[in-house]
2 protein chains.
Amino acid sequence: MTRSEENYIKTIYHLGDAGMHSVPTNAIASQLKTQPSSVTDMIKKLSDKKYVHYKKYRGVYLSEKGINAALTIIRKHRLWEVFLAEKLGFNWDEVHDVAEQLEHIKSEKLIDKLDAFLNFPKYDPHGDPIPGKNGELAQRSLQLLSSLQPNDEGICVGVKDSSVTFLKFLDKHNISLGDHIKILDAEEFDESLTIQIDNKNLHISKRIATNLFIKPVRE
Amino acid sequence: MTRSEENYIKTIYHLGDAGMHSVPTNAIASQLKTQPSSVTDMIKKLSDKKYVHYKKYRGVYLSEKGINAALTIIRKHRLWEVFLAEKLGFNWDEVHDVAEQLEHIKSEKLIDKLDAFLNFPKYDPHGDPIPGKNGELAQRSLQLLSSLQPNDEGICVGVKDSSVTFLKFLDKHNISLGDHIKILDAEEFDESLTIQIDNKNLHISKRIATNLFIKPVRE
DNA sequence: ATTTATTTTTAGATTTACCTAAATATATGA
DNA sequence: TCATATATTTAGGTAAATCTAAAAATAAAT
């Protein structure tokens, strides 16, 4: 597989939610910052090589073979992210670009040894699960904000209660999906939390904390 | 710089003894396993970009800019070799191919952090010096076999006494340039050594040991 | 010093991964 | 449903790095 093929497959995997559904040409193009016509070209090639199923004008979705290929690349990407963050001291926002390059290094032995060196981590520094050698994927470790301890960190990935009132509350306090949250303090009395979000501190009630899904950062 | 340009520059550096003299087209072609005509093409490009000096039919040699570029690549290559051997437990003969890929990763920060992580090594697992951030190159650490301690290892890189008798001796005992030697034991009485070479043990006198140059492995 | 052999370069193709512009298919909306 | 908008594909082209085959320059050998 060429580097470019790998990038397309990874993109299709992500955009199609792990190969669940098909992905339109334009989505791939804008993600990879290429022209739609280039995507069509590559899709044909990937289809010839049986990595994707393709019907003209109907988008693509990954085949079994394509999903496995994607998982292999993602495994490499996330292992390198752990290495960069944990061993070399990169910040968790700096790891991505370099991992994007490292994920294309071809050596199974290298990845296995790296995996062992890092002590077989299950999650990358963003909290995303690292696929195993055989493609098995740990459950994404979703937790409620209320279950975290002081000093734990995570990313806001969803809400349990999606009522308008709750969402308005989040909006008012500038809490949005993808925000990085750190627990500063937990009040035993009412189980309220002091959290740091966007470099600002915020005190939230138990009620709020039990309705926010968090993806813990660094397992 | 493209990956291909980097490979050419590195090759020209090595074949031309660190940029000392010019390198014929064919030598580059056979080293890189391409056709001479491809080399001519690339040479023109590198010449346009001022990495090499080029006169038709006269071979190429590296410019100042080219030498610096080469040193940067070699620095990356050798640091990765140390990482692979020391941290991941690769054998010293397995590191080259993977390092060949890793050397093309583009991130100055990555290399600096890797350098620090490895504790600023001066030599790679083959005993070759690692260029510094500013291109300074440590002296290749040549030592006489007689100066090593038990458990030290090295590669046979030259002889001090090049008399016929000595060379015949080496031949007879199957000692040749590039051989990997490990000191097993040193006899205090006559300063003779027991060494392991090619998986065979050999007992040699002080006289012999003081006439063999060794490049120590893992400084 | 010529001929012969070797090395290097030119000329013209090929492949990969792009691109632009035009054509066509699908989706949307009055 | 018919016109319009949007998405996708086709057609034809480009740049990088390679190739083969032929031409030209240099080196070697008688």
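Numbers restart at 1 for each chain; the letters A, B, ... are given by sequence-line order, proteins then strands. Every heavy atom of this structure was used, including side-chain atoms; hydrogens, water molecules and symmetry mates were not.
Distance M42(A) CE to dC19(C) P: 11 Å, rounded to the nearest Å. Atom pair Y57(B):OH and dA5(C):P shows a separation of 19 Å (rounding to whole Å applied). Atom pair M1(B):CE and dA16(D):C1' shows a separation of 16 Å (rounding to whole Å applied). Between I43(A) atom CD1 and dA7(D) atom P there is a gap of 15 Å when expressed in whole angstrom units. dT9(D) atom P lies 13 Å from atom NZ of K55(A), rounded to whole Å. Between I28(A) atom CD1 and dC18(C) atom C1' the separation is 16 Å, expressed in whole Å. Taking atom OH of Y54(A) as the reference point, atom C1' of dA7(D) lies 11 Å away to the nearest angstrom.
Both the sub-6.0 Å distance and the 45° axial angle are not jointly satisfied by K44(B) relative to the ring of Y54(B).
Looking at T72(B), its side chain does come within 3.5 Å of a backbone N or O of N68(B) through a donor-acceptor pair. A distance-only check finds no donor-acceptor pair linking the side chain of K87(B) to the backbone of F117(A) [under 3.5 Å].
Distances shorter than 4.0 Å separate none of the side-chain N or O atoms of Y8(A) from OP1 or OP2 on dT16(C). The phosphate of dT10(C) has OP1 or OP2 within less than 4.0 Å of a side-chain N or O from K56(B). In this structure, N26(B) reaches the dT8(C) phosphate: one of its side-chain N or O atoms is under 4.0 Å from OP1 or OP2. Here Q35(A) does not reach the OP1 or OP2 of dC18(C): none of its side-chain N or O atoms lies under 4.0 Å away.
If you check every strand for non-hydrogen atoms under 4.0 Å, T25(B) touches sugar and phosphate atoms only. Using a 4.0 Å heavy-atom cutoff across all strands shown, K44(B) reaches sugar-phosphate atoms only and no base atom. The residue R58(B) sits close only to the backbone: its heavy atoms come under 4.0 Å of sugar-phosphate atoms, none of a base. Note on T34(A): only backbone sugar-phosphate atoms sit closer than 4.0 angstrom, heavy atoms only; bases stay farther off.
For S37(B) against dT20(D), a side-chain-to-base donor-acceptor contact under 3.5 Å is present.
Here ring-ring contact (aromatic ring centres under 6.0 Å, His included) pairs that include residues 9-42 of chain A, with residues two or more places apart or in two chains, number zero.
The side chain of S38(A) sits closest to dC19(C) out of dA27(C), dC19(C), dT8(C). In this structure, of dT9(C), dT8(D), dC18(C), it is dC18(C) that holds the atom nearest to the side chain of D41(A). Residue P36(A) has its side chain nearest to dT9(D) when only dT9(D), dT18(D), dT10(C) are considered.
Counted within 6.0 Å of CD on E136(B), heavy atoms from surrounding residues, nucleotides or ligands total more than 12; the atom is thus considered enclosed.
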